[in-house]
Amino acid sequence: MTHVKAAITGVFGYVPDYVLTNAELEKMVDTNDEWIISRTGIKERRILKGEGKGSSHMGAEAVKGLLEKTNTSPEEIDLLVCATTTPDFIFPCTANLICDMVGIRNIGSFDIQAACSGFVYALTLASQFIETGKYKKIIVVGADKMSAITDYTDRTTCILFGDGAGAVLLEANNEGYGLLDSIIRSDGVGLPHLNQKAGGSRYPPTHETIDQRQHYVYQDGQQVFKFAVKKMADCSAEIMEKNGLSGDDVAWLVPHQANKRIIEATANRMGVGMDKVMLNIQKYGNTTAATIPLCLWDYESQLKKGDNLVLAAFGGGFTWGTAYVKWAYSADNE
Ligand SMILES: CC(C)(COP(=O)(O)OP(=O)(O)OC[C@H]1O[C@@H](n2cnc3c(N)ncnc32)[C@H](O)[C@@H]1OP(=O)(O)O)[C@@H](O)C(=O)NCCC(=O)NCCS
């Protein structure tokens with residue numbers, strides 16, 4: 001008997017128009033294009049400009065495009081989950097706002113916060129509702145406006161992040177396509193190495209927290225790098241082993257785009273050549289929960305029905321995770 005799986009049946013992305021280049025960053029902090037490219041692989045990133053626009057704006061644009069492209073009406077959606085670390089507000093959640101902006105009403109919608117692993121977490125969670133038969137169509141969004149929490153006087157972090165959103169439609173599939181397996185993990189040892197210190201309930205905003213620049217991303221890059229390389233690679237190797245996949249069986253590695261060197265190490269460990277690795281870090285930087293759906297959006301035309309994809313992510317917490325997806329459609333015969 002074939003069990004029902006959650007298949008990705010459409011993907012759409014949104015990135016803001018404004019391009020923040022390495023050359024522009026050179027004018028803001030003591031850095032240079034050569035350093036940024038050789039250490040991270042990033043050439044430019046997108047920044048959301050405009051008063052009153054948050055992550056929901058980008059998420060809603062991605063969802064609007066997704067509904068249109070897949071000929072789906074808002075009434076058909078059973079659930080919307082948004083992975084974000086930069087919600088518009090502490091509450092209400094960004095998923096509620098996105099639903100309102102695109103005309104989706106009277107369904108459950110909520111956010112997931114797992115930093116850069118958010119999309120893999122959200123996909124894993126959302127697929128459960130389809131596997132149990134409870135829901136038929138779910139939208140999973142990854143949306144982050146990292147520029148809202150990036151300190152543009154800190155050269156060690158401001159070169160890394162960008163803004164963007166991506167969304168996928170999940171539908172029930174009983175032909176063996178979809179999310180076939182996933183692993184999600186976390187370890188709170190990550191707190192001192194990657195965090196936004198103030199603004200939450202432990203350290204609510206005060207003049208002092210603002211003066212001390214505690215509302216921005218803090219990162220101990222080297223520590224995070226070490227964990228990221230190990231955990232992303234271990235986890236990806238584990239899911240391959242569990243499912244009897246060799247490097248040759250994997251059509252695409254879809255890695256979180258934090259640093260090109262971390263991606264290369266993961267691919268190497270999996271025995272997957274860089275020609276089979278989705279890469280768009282050069283143009284978008286690290287968009288946190290949006291990196292993986294933005295990769296799927298960029299590479300959609302190259303994907304074929306039956307392709308084995310391994311999604312892999314690592315982020316603050318620490319959190320990490322991986323998903324084995326059998327792609328459900330070829331772009332040319334949608
Ligand atoms: C942030 C990161 C790119 C820094 O690269 P790195 O190779 O570790 O660099 P280091 O931190 O060792 O710094 C090396 C030198 O470059 C300097 N440097 C740091 N940022 C710089 C910049 N933007 N431009 C120029 N020099 C810079 C440092 O001050 C240091 O100088 P020093 O040797 O004189 O002390 C890297 O650590 C990284 O990618 N970390 C993980 C990020 C990540 O995965 N985050 C996950 C969250 S999703």
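Throughout, numbering of the chain's residues begins at 1 and tracks the sequence. Counting convention: from 1, in listed order, for ligands and their atoms alike. Heavy atoms only: backbone and side chains are in, while hydrogens, waters and symmetry mates are out.
- For atom 47 (C) of ligand 1, the nearest protein heavy atom (residue, atom name, distance) is Leu194 CD2, 3.6 Å.
- Counting only heavy atoms of the protein, atom 7 (O) of ligand 1 lies nearest to Arg39 NH1, 2.7 Å.
- With respect to Arg46 and Asp163, no salt bridge is recorded, no charged nitrogen being found less than 4.0 Å from a carboxylate O.
- The nearest protein atom to atom 30 (C) of ligand 1, hydrogens excluded, is given as Arg155 NH2, 4.8 Å; this is a heavy-atom distance.
- Atom 32 (P) of ligand 1 is not flagged as protein-proximal [any protein heavy atom, distance under 4.0 Å].
- Considering backbone and side-chain N/O atoms, Leu160 never comes within less than 3.5 Å of an N/O atom of ligand 1.
- Counting only non-hydrogen atoms, the option in Ala115, Cys158, Cys116 that gets closest to atom 48 (S) of ligand 1 is Cys116.
- The six-membered or imidazole ring of Trp327 lies near that of Tyr329, with a centre-to-centre distance under 6.0 Å.
- The contact set between ligand 1 and Ile159, taken as ligand atoms under 4.0 Å from a residue heavy atom, comprises 23 (N).
- Backbone and side-chain nitrogen or oxygen atoms of Asn259 are examined, and one is located within less than 3.5 angstrom of a nitrogen or oxygen of ligand 1.
- Using a 4.0 Å cut-off to heavy atoms of Ala258, the atoms of ligand 1 that qualify are 43 (C), 44 (O).
- Near Phe314, with a cut-off below 4.0 Å to any heavy atom, the atoms of ligand 1 are 48 (S).
- Under the 4.0 Å criterion applied to side-chain N and carboxylate O atoms, Glu44 and Lys283 are not assigned as salt-bridge partners.
- A side-chain contact (heavy atoms from CB on, under 4.5 Å) with Leu80 holds for exactly one of Asn96, Ile138, Val102, Val63; it is Val63.
- Of the candidates Ile292, Thr70, Leu123, Val168 forms a side-chain contact (heavy atoms from CB on, under 4.5 Å) with just one, namely Leu123.
- Salt-bridge formation is detected for the pair Arg269/Asp234: a Lys NZ or Arg NE/NH1/NH2 atom is positioned less than 4.0 Å from an Asp or Glu carboxylate oxygen.
- Comparing Thr40, Asn286, Thr157 by heavy-atom distance to atom 3 (C) of ligand 1, the nearest is Thr40.
- Contact atoms of ligand 1 toward Ile262: 44 (O) (distance under 4.0 Å to a heavy atom of the residue).
- Among protein heavy atoms, atom 24 (N) of ligand 1 sits closest to Thr31 OG1, 2.7 Å.
- Ranking protein heavy atoms by distance to atom 10 (P) of ligand 1, first place goes to Gln222 NE2, 3.7 Å.
- A salt bridge is defined here as a Lys NZ or Arg NE, NH1 or NH2 lying under 4.0 Å from an Asp or Glu carboxylate O, and Lys242 with Asp181 meets this definition.
- Ring to ring, His193 and Tyr218 are not that close: their centroids are 6.0 angstrom or more apart.
- Ion pairing between Lys137 and Glu75 fails under the 4.0 Å rule for side-chain N and carboxylate O.
- Remark: ligand 1 and His256 share no N or O pair separated by less than 3.5 Å (distance only, no angle test).
- The nearest heavy-atom contact from the protein to atom 5 (O) of ligand 1 is Arg261 NH2, 3.6 Å.
- Judged by the 6.0 Å and 45° rule, Lys49 forms a cation-pi pair with Tyr18.
- Within the listing of ligand 1, atoms 38 (C), 39 (O), 40 (N), 41 (C) sit less than 4.0 angstrom from a heavy atom of Phe225.
- Using a 4.0 Å cut-off between charged nitrogen and carboxylate oxygen, Glu68 and Lys64 do not count as a salt-bridge pair.
- Scanning the protein for heavy atoms near atom 45 (N) of ligand 1, the closest one is Gln219 OE1, 2.9 Å.
- If you number the atoms of ligand 1 from 1 as listed, the ones under 4.0 Å from a heavy atom of Gly221 come out as 37 (O), 40 (N), 41 (C).
- With respect to Asp78 and Lys136, no salt bridge is recorded, no charged nitrogen being found less than 4.0 Å from a carboxylate O.
- Scanning the protein for heavy atoms near atom 46 (C) of ligand 1, the closest one is Val224 CG1, 3.6 Å.
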